[in-house]
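What follows is a short report on a single structure.
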Amino acid sequence: MARITPLEWPVLRQLRSRDSTGRGAAVTSRKTRRTAPRTDDADTVVQSICPYCAVGCGQKVFAKDDRVIHIEGDPDSPISRGRLCPKGAASEQLVNSSGRQTTVLYRAPRSHDWEEFDRDRALDMIADRFVEARRRHWEDEDEHGNPVNRTMGVASLGGATIDNEENYLIKKLFSAAGAVQIENQARI
């Protein structure tokens, strides 16, 4: 630890400067003057939504070299105006956790083992199952002969942090596919 000379004592700095109240530069240490915000190193800043609850607080995500280095409240968010709860403020730990699952895992029916799939294969499997469930459960008419053109084999439950624009697109997609069971967690 560096020794502080008597000339560096805050009281002497205060007397030598125009900081008569001792609330400005006179009481700022050398270490504090060298300190920079941890977001200064970020090469990318993106707006996001906190993933935890239905409030939908805005976040600013700071990244450097494609790695998240800091997350803070977004002051431009009309919902949270820059504030985050303790879980939202700690969400950087969620992103950078060593235990975070970053690959697609699949467990076949009645199997005990998980296998790793690449993303394209997993998306193809989901699309195939979606189309097959729609085809198998398609109804042209109800029991009274009224035209319904729907499927009861497909449903959608949206997450609470999905914004209005995403909900609109999800509703359009599933309605176009004939699904009628479409809900959002924020309303449940």
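Note that these values count all heavy atoms, side chains included, but never hydrogens, waters or copies made by symmetry.
- Between Glu132 and Arg135, at least one side-chain nitrogen of the basic residue sits less than 4.0 Å from a carboxylate oxygen of the acidic one, meeting the salt-bridge criterion.
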Q: With side chain to side chain contact (heavy atoms under 4.5 Å, CB included) as the test, would you mind laying out the steps for Arg100 and Val95 before giving the verdict?
A: CA-CA 7 Å; Arg100 181 177 180 214; Val95 173; 4.1 Å; yes
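- In this pair, Tyr106 and Phe117 present their aromatic rings parallel. The plane angle is below 30°, not in the 30 to 60° band.
- The shortest distance between side-chain heavy atoms of Val61 and Val45 does not fall below 4.5 Å.
- Between Thr103 and Leu105, some side-chain heavy-atom pair lies under the 4.5 Å cut-off.
- Between Ala176 and Arg134, the closest heavy-atom pair is O-NH2, 4.3 Å.
- The side-chain heavy atoms of Asp140 and Pro147, taken from C-beta on, include no pair separated by under 4.5 Å.
- More than 12 heavy atoms of other residues, nucleotides or ligands sit less than 6.0 Å from atom CG of Asn146.
- Hydrophobic clustering, with ILVMFWY side chains joined whenever heavy atoms are under 4.5 angstrom apart, keeps Val148 apart from Met152.
- Distance NE2/His70 to CG/Asp41: 12.0 Å, rounded to 0.5 Å.
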Q: Determine, stepwise, if the pair Phe62 / Asp43 fulfils side chain to side chain contact (heavy atoms under 4.5 Å, CB included).
A: CA-CA 8 Å; Phe62 296 84; Asp43 52 28; over 6 Å; no
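- A donor-acceptor distance shorter than 3.5 angstrom exists from the side chain of Ser91 to the backbone of Gly88, with no hydrogens or angles considered.
- For CZ of Arg119, the number of neighbouring non-hydrogen atoms (other residues, nucleotides, ligands) closer than 6.0 Å is 12 at most.
- Listed here is the closest heavy atom pair of Thr151 and Ala133: OG1-O, 3.9 Å.
- The two residues Ser77 and Cys57 have their closest heavy-atom pair at OG-C, 4.5 Å.
- Ionic pairing of Glu72 and Lys60 is not present here: no N-O contact between side-chain nitrogen and carboxylate oxygen is shorter than 4.0 angstrom.
- Residue Val131 is not grouped with residue Met125 when hydrophobic side chains (ILVMFWY) are merged at heavy-atom distances under 4.5 angstrom, including chains of intermediate members.
- In this structure, CG on Leu169 lies 8.5 Å from CG on Leu173, to the nearest 0.5 angstrom.
- Note that CD1 of Ile69 and CD of Glu92 are 9.0 Å apart. Values are rounded to the nearest 0.5 Å.
- Although no hydrogens or angles enter the test, the distance criterion places no donor-acceptor pair under 3.5 Å between the side chain of Asn149 and the main chain of Glu139.
- A side-chain donor-acceptor contact under 3.5 Å links Gln47 and Asp74.
- The only option from Val46, Ile49, Leu84 that meets the side chain to side chain contact (heavy atoms under 4.5 Å, CB included) definition with Gln59 turns out to be Leu84.
- For the residue pair Trp138 and Ala177, the shortest heavy atom distance occurs at CZ3-O, 3.7 Å.
- Taking CZ from Arg121 and CD from Glu116, the interatomic distance works out to 11.5 Å, rounded to the nearest 0.5 Å.
- With Thr35 contributing its side chain and Lys31 its backbone, the two residues share a donor-acceptor pair below 3.5 Å.
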Q: Before giving the answer on side chain to side chain contact (heavy atoms under 4.5 Å, CB included), spell out for Asn96 and Arg67 the whole-Å C-alpha distance, their side-chain angles and the decisive distance to 0.1 Å.
A: CA-CA 8 Å; Asn96 291 323; Arg67 178 171 162 71; 3.0 Å; yes
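- When atom types are taken as modelled, the side chain of Arg107 and the backbone of Ser111 share a donor-acceptor pair closer than 3.5 angstrom.
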